[in-house]
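This report refers to the structure that appears directly beneath it.
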2 protein chains.
Amino acid sequence: MSFELLKKNKQIILYGASLAGLLFLLQWLELRFIIMDHAFEIYAGAIAIIFTGVGIWLALRLAKPKTLIVEKEVYISAETTFVQNENELERLGLSKRELEVLQLISTGMSNQEIAERLFVSLNTVKTHSSNLFGKMDVKSRTQAIDKAKKMQIIA
Amino acid sequence: MSFELLKKNKQIILYGASLAGLLFLLQWLELRFIIMDHAFEIYAGAIAIIFTGVGIWLALRLAKPKTLIVEKEVYISAETTFVQNENELERLGLSKRELEVLQLISTGMSNQEIAERLFVSLNTVKTHSSNLFGKMDVKSRTQAIDKAKKMQIIA
DNA sequence: TCGAGACTCATACTTTTGTGTGATTTTTGA
DNA sequence: TCAAAAATCACACAAAAGTATGAGTCTCGA
């Protein structure tokens, strides 16, 4: 715990130490160059410059990094992001088979192709599609596709 | 031009000025408190602390911000992000009118409705649609819708 | 100005789609 | 278990979609 604290305040401790160190250095230097004119100003200037540097160094180390949030546009194909709108689907009251037919219609299949895919007769597919058009309140397969996509009940 | 330069180096000039100012201040203070013991060390410490502050301030102002790039995924629905795939559209060789018909077909409109919308005859719409089906290599309007959406040539 | 492509339209025909009605079987939930 | 819903299918008809062919007009670039 106290070690943690030490670690956390490392910079501050280091700063204090360097400050103290420099003062000792200055005192020692004072003895040697006290005779010099304007020695004080020179020292003061040196300290100012040095500690400006220390300050800069401190700031750069301690400054919280500015978090730059880059909004990355992620284009995701409709298939991967598709989540079926269960509510709307429920509301329509489409049966499992009707939804299946609707999905196949949306892929561009003809009634005959759908019949073959589902192993039922063409008439059955027609019945299903006609019924689902009624439930969806549309008049054609193309309208059904458009509406179903807008309602997010198919991909 | 020289004004620009002045502006650009404002911080540096300010720093120099404050440094000079402080030295004058110190010289003046020296005359008054020279009698104090350890005055020099006190001054030196004060200078160190002040210029550490100056350094920090400078660093924070001038330093390039440490940027932590956080990629935030922005999900965008298909409708709002729609950009027509010009290349594919070009490749298909659809005429302006054919594309118009295709777009209206995709909204679920019947040929008759499209004819009325475009102020042309039903036969004209049929001709356009038949031609565009040929160019798109599909056999029905539903297939055309599916393919066009996948090719991103319609919304 | 000449030809190619675009746009228009018609006619005739085929195919597909959609509706209406009725019926049988299966599934399912109360 | 019993009724309702779902799924299946047929037939007949109507409506829409799609194809093939031919043709007239218009625009635009070579």
Side-chain angles (χ1 to χ4, degrees), chain A residues 84-151 153-154, chain B residues 84-151 153-154:
Chain A
Q84 199 171 43
N85 189 331
E86 303 287 352
N87 297 332
E88 290 295 301
L89 190 56
E90 184 88 12
R91 209 172 54 70
L92 283 180
L94 292 188
S95 73
K96 195 187 296 181
R97 213 51 162 168
E98 284 162 355
L99 178 61
E100 246 181 311
V101 170
L102 175 58
Q103 285 167 332
L104 294 177
I105 282 175
S106 79
T107 68
M109 287 173 81
S110 69
N111 287 340
Q112 184 58 57
E113 289 168 330
I114 294 169
E116 282 159 19
R117 167 72 75 89
L118 299 181
F119 302 108
V120 295
S121 79
L122 173 60
N123 283 315
T124 301
V125 176
K126 284 187 177 184
T127 304
H128 284 319
S129 62
S130 189
N131 288 338
L132 78 87
F133 293 163
K135 289 179 182 176
M136 291 183 72
D137 192 31
V138 296
K139 295 207 174 306
S140 70
R141 62 212 291 110
T142 48
Q143 272 183 36
I145 294 170
D146 191 51
K147 191 159 187 174
K149 294 217 175 196
K150 282 177 179 162
M151 290 173 77
I153 61 176
I154 58 167
Chain B
Q84 200 170 43
N85 189 331
E86 304 288 354
N87 296 332
E88 290 294 303
L89 190 56
E90 185 87 12
R91 208 173 53 70
L92 283 179
L94 291 188
S95 73
K96 194 187 298 180
R97 213 51 162 167
E98 284 162 355
L99 179 61
E100 247 180 312
V101 170
L102 175 59
Q103 286 167 331
L104 295 178
I105 282 175
S106 79
T107 67
M109 286 175 82
S110 70
N111 287 338
Q112 185 58 57
E113 289 168 330
I114 295 168
E116 282 159 19
R117 167 73 75 90
L118 300 180
F119 302 105
V120 295
S121 78
L122 173 60
N123 285 313
T124 302
V125 176
K126 284 186 177 186
T127 303
H128 285 319
S129 62
S130 190
N131 288 336
L132 79 87
F133 294 162
K135 288 180 183 176
M136 289 181 74
D137 192 32
V138 296
K139 295 208 176 307
S140 70
R141 63 211 290 108
T142 50
Q143 273 184 36
I145 294 170
D146 192 52
K147 191 160 187 173
K149 294 218 174 194
K150 282 177 178 162
M151 290 172 76
I153 60 177
I154 59 167

Next on the checklist: At 4.0 Å (heavy atoms only), tell me whether Ser95(B) reaches a base, stays on the sugar-phosphate, or touches nothing.
Outcome noted: sugar-phosphate
Checklist entry - Where is the tightest heavy-atom contact between Phe133(A) and Ser140(A), given as atom of each residue plus distance? => result CZ-C, 3.9 Å
Next on the checklist: For a quick check, with a 4.0 angstrom heavy-atom cut-off, what is the B/S/- contact string for nucleotides 14-30 of chain D, read 5' to 3'?
Outcome noted: ---BBB-----------
Checklist entry - Considering only dC9(D), dA10(C), dA7(D), which nucleotide approaches the side chain of Arg97(A) most closely? => result dA7(D)
Checklist entry - Considering heavy-atom distances to DNA chain C, does Val120(B) or Leu94(B) have its closest nucleotide positioned more toward the 5' end? => result Leu94(B)
Checklist outcome for this item: Leu104(A) atom CG is separated from dT17(C) atom C1', nearest whole Å, by 16 Å
Checklist entry - So do the side chains of Leu92(A) and Met151(A) get within less than 4.5 Å of each other, counting heavy atoms only? => result yes
Checklist entry - Could you state the CD-P distance from Glu116(A) to dT16(C), rounded to the nearest angstrom? => result 11 Å
Checklist entry - Thr124(A) side chain N/O closer than 4.0 Å to the phosphate oxygens (OP1, OP2) of dC9(D)? => result yes
Checklist entry - In chain order, what residues pass the side-chain hydrogen bond (donor to acceptor under 3.5 Å, both in side chains) check against Arg91(A), with sequence neighbours excluded? => result Glu88(A)
Checklist entry - If only side-chain N and O atoms of His128(B) are considered, is one of them under 4.0 Å from the OP1 or OP2 phosphate oxygen of dC7(C)? => result no
Checklist entry - Which whole-number value in Å describes the distance from Leu132(B) CG to dA6(C) P? => result 13 Å
Checklist entry - What is the distance from CE of Met136(A) to C1' of dT17(C), rounded to the nearest Å? => result 16 Å
Checklist entry - Can you tell if the side chain of Leu104(B) reaches within under 4.5 Å of the side chain of Leu118(B), non-hydrogen atoms only? => result yes
